[in-house]
**Q** 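Can you read through this structure? Questions will come right after.
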Amino acid sequence: MTIRHLLFDADGVIQVIPGGWRAAVAPYLGDRAEEFLRRVWHDELPAMRGDGDFLTGLAAALVEYGVPDPAEDVFEAVWHNIERVEESFALIEALRRMGYGIHLGSNQERRRASFMKTALGYDRLFDTSSYSCDLGVAKPEPDFFIQAARRIPAPAASILFIDDLPANVDGARSAGLNAETWDVGQGHPRLVELLERHGVSAPTG
């Protein structure tokens, strides 16, 4: 089936944390930044499915690690520290002008999802948005992709999904979507190659 819709992941594909997550957390945690991130990301999993408030768990983790800053301040400084990848968006807009449907599929808890929808303007930039906290299911679970396809709405086989994590790509494929692994570190010429592999003529200029 011909690809008519592109479904993009967020972090690592259309947006990044400047310097990376560890650098963003380091001012608060120092050399324990990576350990702290593993802890809070594990605690974030229920919130990504829309269950509970991530800020509660973040506050508890900050107390445990001896960080006196309010959880709201740390959350804003780190989780809202998002930089759009303008080359990704330029390609997305070119694909839209060519008639492709452009969609977002991302694992996010409610607060960060709200920031992306409004402050970053993603609700205006994408035809549909599938956030895990709204769907009640997170990637790489196949049901995430089944629900995303229903939202578009389109047959799964007409959708190409781009994500930086192989597990999520595998989940999409198991749900019947076409999918490829890509992140900004590979460069956009590589993304164009992957799109063309699926018959998506992507402009290079």
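Hydrogens, waters and symmetry mates are skipped; everything else that's a heavy atom, side chains included, is used.
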**Q** For A10 versus S106, what's the shortest heavy-atom pair and its separation?
**A**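 So the minimum-distance heavy-atom pair works out to CB-OG, 3.5 Å.
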**Q** Answer yes when E35 and R39 have at least one side-chain N-carboxylate O distance shorter than 4.0 Å, and no when they do not.
**A** no
**Q** Should the heavy atoms of other residues, nucleotides or ligands under 6.0 Å from CZ of R84 be counted, would the total exceed 12?
**A**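 Yes, enclosed.
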**Q** Would you say L165 and D9 make side-chain contact, with heavy atoms under 4.5 Å?
**A**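 Contact flag for L165/D9 side chains = no.
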**Q** Measure the spacing between CG of L135 and CZ of R49 and express it to the nearest 0.5 Å.
**A**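 Between atom CG of L135 and atom CZ of R49 there are 12.0 Å.
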**Q** What residues form a side chain to side chain contact (heavy atoms under 4.5 Å, CB included) with A47, not counting sequence neighbours?
**A** F54, E109
**Q** Quick check on the hydrophobic clustering: are W41 and Y65 connected, directly or via other members, by side-chain heavy-atom contacts under 4.5 Å?
**A**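 Both belong to a single hydrophobic cluster.
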**Q** Are the side chains of Q108 and D134 in contact, using a 4.5 Å heavy-atom criterion?
**A** no
**Q** Do Y122 and Y131 have side chains that approach each other closer than 4.5 Å (heavy atoms only, starting at C-beta)?
**A**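 Y122 vs Y131: side chains touch.
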**Q** How about H80: does its NE2 atom have over 12 heavy atoms from other parts shown lying under 6.0 Å from it?
**A** yes
**Q** Is there a side-chain contact between N168 and F161, using heavy atoms and a 4.5 Å cut-off?
**A**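 With C-beta onward as the side chain, the pair touches.
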**Q** W79 versus V40: any side-chain heavy-atom pair under 4.5 Å?
**A** yes
**Q** Any idea which heavy atoms bring Y28 and A77 closest together, and the distance?
**A**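 Heavy atoms of Y28 and A77 come nearest at OH-CB, 3.3 Å.
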**Q** Before giving the answer on salt bridge (Lys or Arg N to Asp or Glu O under 4.0 Å), spell out for R38 and E34 the whole-Å C-alpha distance, their side-chain angles and the decisive distance to 0.1 Å.
**A** CA-CA 6 Å; R38 286 197 299 269; E34 189 170 341; 3.5 Å; yes
**Q** Could you report the tightest heavy-atom contact between A71 and L55, atom names first, then the distance?
**A**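 Minimum heavy-atom separation between A71 and L55: O-CD1, 3.9 Å.
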**Q** Please answer whether the main-chain N or O of M48 pairs with a side-chain N or O of S132 as donor and acceptor at a distance below 3.5 Å.
**A**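 Pair found, side chain donor or acceptor close to backbone of M48.
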**Q** So which atom in A154 and which in I159 form the shortest heavy-atom distance, rounded to 0.1 Å?
**A**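 Nearest heavy atoms, A154 then I159: O-CD1, 4.2 Å.
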**Q** Tell me, yes or no, whether the heavy-atom count around E76 atom CD, taken from other residues, nucleotides or ligands under 6.0 Å, exceeds 12.
**A** no
**Q** Taking E180 first and then R173, would you say they form a salt bridge - that is, a charged N and a carboxylate O separated by under 4.0 Å?
**A** yes
**Q** Taking W182 for the side chain and G187 for the main chain, is one N or O donor matched with an acceptor at less than 3.5 Å?
**A** yes
**Q** Just how far is it from atom CG of L195 to atom CD1 of I162, taken to the nearest 0.5 Å?
**A** 5.5 Å
**Q** Identify the heavy atoms of V13 and S88 that sit nearest to each other, and give their distance.
**A**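 Nearest pair, atom of V13 first, then S88: O-OG, 2.7 Å.
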**Q** Between A61 and F36, which heavy-atom pair has the shortest distance, and what is it?
**A**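 That would be CB-CE1, 3.7 Å.
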**Q** Begin from the C-alpha positions of D164 and D11 and carry the test side chain to side chain contact (heavy atoms under 4.5 Å, CB included) through to its verdict.
**A** CA-CA 8 Å; D164 63 326; D11 291 294; 5.7 Å; no
**Q** Any side-chain heavy-atom pair from I82 and I17 closer than 4.5 angstrom?
**A** yes
**Q** List the steps, then state whether side chain to side chain contact (heavy atoms under 4.5 Å, CB included) holds for V200 with M98.
**A** CA-CA 10 Å; V200 176; M98 296 174 68; over 6 Å; no
**Q** May I ask you to check whether H103 and T128 show a side-chain donor-acceptor distance below 3.5 Å?
**A**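 Note: H103 and T128 side chains meet the donor-acceptor criterion.
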**Q** State, yes or no, whether a side-chain contact exists between F145 and K139 at a heavy-atom distance under 4.5 Å.
**A**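 In contact.
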**Q** Evaluate the side-chain proximity of F126 to I14: yes if any heavy-atom separation is below 4.5 Å, no if none is.
**A**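 Side chain of I14 against side chain of F126, heavy atoms only: contact under 4.5 Å found.
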**Q** Walk me through it: do Q15 and L120 pass the test side chain to side chain contact (heavy atoms under 4.5 Å, CB included)?
**A** CA-CA 10 Å; Q15 66 185 33; L120 297 183; 4.0 Å; yes
**Q** Can R111 and D53 be counted as an ion pair, charged N to O under 4.0 angstrom?
**A**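 Looking at R111 and D53, the cut-off is met.
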